**Student:** 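Dropping a structure here in structure tokens format, bear with me for questions.
Please read all numbers here as calculations on a predicted model, not as lab measurements. Letters go in sequence order (proteins before strands), and every chain restarts at 1.
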Amino acid sequence: MKIATFNINGIKARINALLDWLDEAQPDVALLQEIKSVDENFPRELFEERGYNVETHGQKSFNGVAILSKLPLEDVTRGLPGDDSDEQARWIEATVVGKQAIRLCGLYLPNGNPTPGPKYDYKLAWMERLHARAAALMASEEVALMAGDYNIIPQDEDAARPEAWQKDALALPESRAAFRRIVNLGFTEAFRARNPSPGQYSFWDYQAGSWQRDDGIRIDHLLLTPQAADLLLDCQIDKDIRGREKPSDHVPVWVELDL
DNA sequence: ATGCCGCTCCTCGAGCGA
């Protein structure tokens, strides 16, 4: 089963690029972030006619996450637990059943800039809630993964110019520590587990010719519970997508699991 | 130090992103 995460930066602007990638890459599941659409305006028919089931958790203009799956999506829940007053659409969960069941969590973690400030406070608070959900997932001993745009550069080797990110919410020690604390519950960060070399990125800014200069960062991650990590066959970044027409600033990252 | 670029919307300028 091939499961991908992809921050598409707007479903309306990305529909052609997204459909082309789906037709080629043929993921069984795609966890999407930044759909920037309300549920009613998400073009679900375009995916359904390609054999995907569609579940969305959208909001107007900003954020928004979705799951596309060739297998039925069961037990869908929306919103990260822990703060009923949080109205930002950044979390969706569902179960699909292949050879065995897997719980899928799609997430769009807050950017957090500028620091310090309320947006950074929100990021850290959101990560505290994520830690709680992650701990519960770990305790359940399920085959599960949490994948999406984490807005975290885990280590200096995950940025072309780490010095440029030193004081950024994506790389501050407190951000990295919060991410490590979640991984250290026992998760396997799939890409790093299979690809030790530095210089591999999932985001290149639209500005200042970042793509042309390969000035990227790796911020889109798939975290696997031990039960899922045991099934890990492969993990890759579809880098070439970034060089196409009207690309997102992120590219897909995917795992192949033996289920 | 700032903006670069791109997306969105009660759209022609501003908020947001990373």
**Student:** Return yes when atom CD of A/Gln212 has more than 12 non-hydrogen atoms of other residues, nucleotides or ligands closer than 6.0 Å, and no otherwise.
**Tutor:** yes
**Student:** Considering only atom C1', compute the distance from B/dG3 to B/dC16 and round it to an integer number of Å.
**Tutor:** 15 Å
**Student:** What are the two closest heavy atoms between A/Arg78 and A/Glu55, and how far apart are they?
**Tutor:** NH2-OE1, 2.6 Å
**Student:** Which part of the nucleic acid, if any, lies within reach of A/Ala208 when heavy atoms closer than 4.0 Å are counted: base, sugar-phosphate only, or nothing?
**Tutor:** base
**Student:** Report yes if a side-chain nitrogen or oxygen of A/Arg14 is closer than 4.0 Å to either non-bridging phosphate oxygen (OP1 or OP2) of B/dC7; otherwise report no.
**Tutor:** yes
**Student:** Please report the distance, rounded to the nearest Å, between CD1 in A/Ile8 and P in B/dG6.
**Tutor:** 17 Å
**Student:** Atom CG of residue position A/Asp240 - does it have more than 12 heavy atoms of other residues, nucleotides or ligands inside 6.0 Å?
**Tutor:** yes
**Student:** How would nucleotides 10-18 of chain B be written as a contact map, 5' to 3', with B for base contact, S for sugar-phosphate-only contact and - for no contact, using protein heavy atoms under 4.0 Å?
**Tutor:** S-----SSB
**Student:** Of the residues in residues 236-248 of chain A, which ones touch DNA chain B at a heavy-atom distance under 4.0 Å?
**Tutor:** A/Lys246
**Student:** Using the P atom as the point on both nucleotides, what is the distance between B/dA1 and B/dA18, in whole Å?
**Tutor:** 23 Å
**Student:** Can a donor-acceptor pair be found between the side chains of A/Asp168 and A/Gln166 at a distance below 3.5 Å?
**Tutor:** no
**Student:** Take atom P in B/dT8 and the same atom in B/dC12, then report the distance between them in whole Å.
**Tutor:** 16 Å
**Student:** Whole angstrom is fine here: how far is it from NZ in A/Lys167 over to P in B/dT2?
**Tutor:** 13 Å
**Student:** Which residue pairs pass the ring-ring contact (aromatic ring centres under 6.0 Å, His included) test with at least one member in residues 76-114 of chain A, sequence neighbours excluded?
**Tutor:** none
**Student:** First locate atom CD of A/Glu34, then atom CG of A/Leu32, and finally report the distance between them rounded to the nearest 0.5 Å.
**Tutor:** 11.5 Å
**Student:** A/Tyr150 and A/Ile217: same hydrophobic cluster, using ILVMFWY side-chain contacts below 4.5 Å?
**Tutor:** no
**Student:** What distance, rounded to whole Å, do you find between the two C1' atoms, one in B/dC10 and one in B/dA14?
**Tutor:** 14 Å
**Student:** Within 45° of the six-membered ring axis of A/Tyr52 and under 6.0 Å from that ring's centre, is NZ or CZ of A/Lys70 located there?
**Tutor:** yes
**Student:** Please state the C1' separation for the pair B/dT11 and B/dG15 - nearest whole angstrom.
**Tutor:** 13 Å
**Student:** May I ask you to check whether A/Trp21 and A/Phe6 place their ring centers less than 6.0 Å from one another?
**Tutor:** yes
**Student:** What's the gap between B/dG13 and B/dC4 when it is taken at their P atoms, as a whole Å value?
**Tutor:** 15 Å
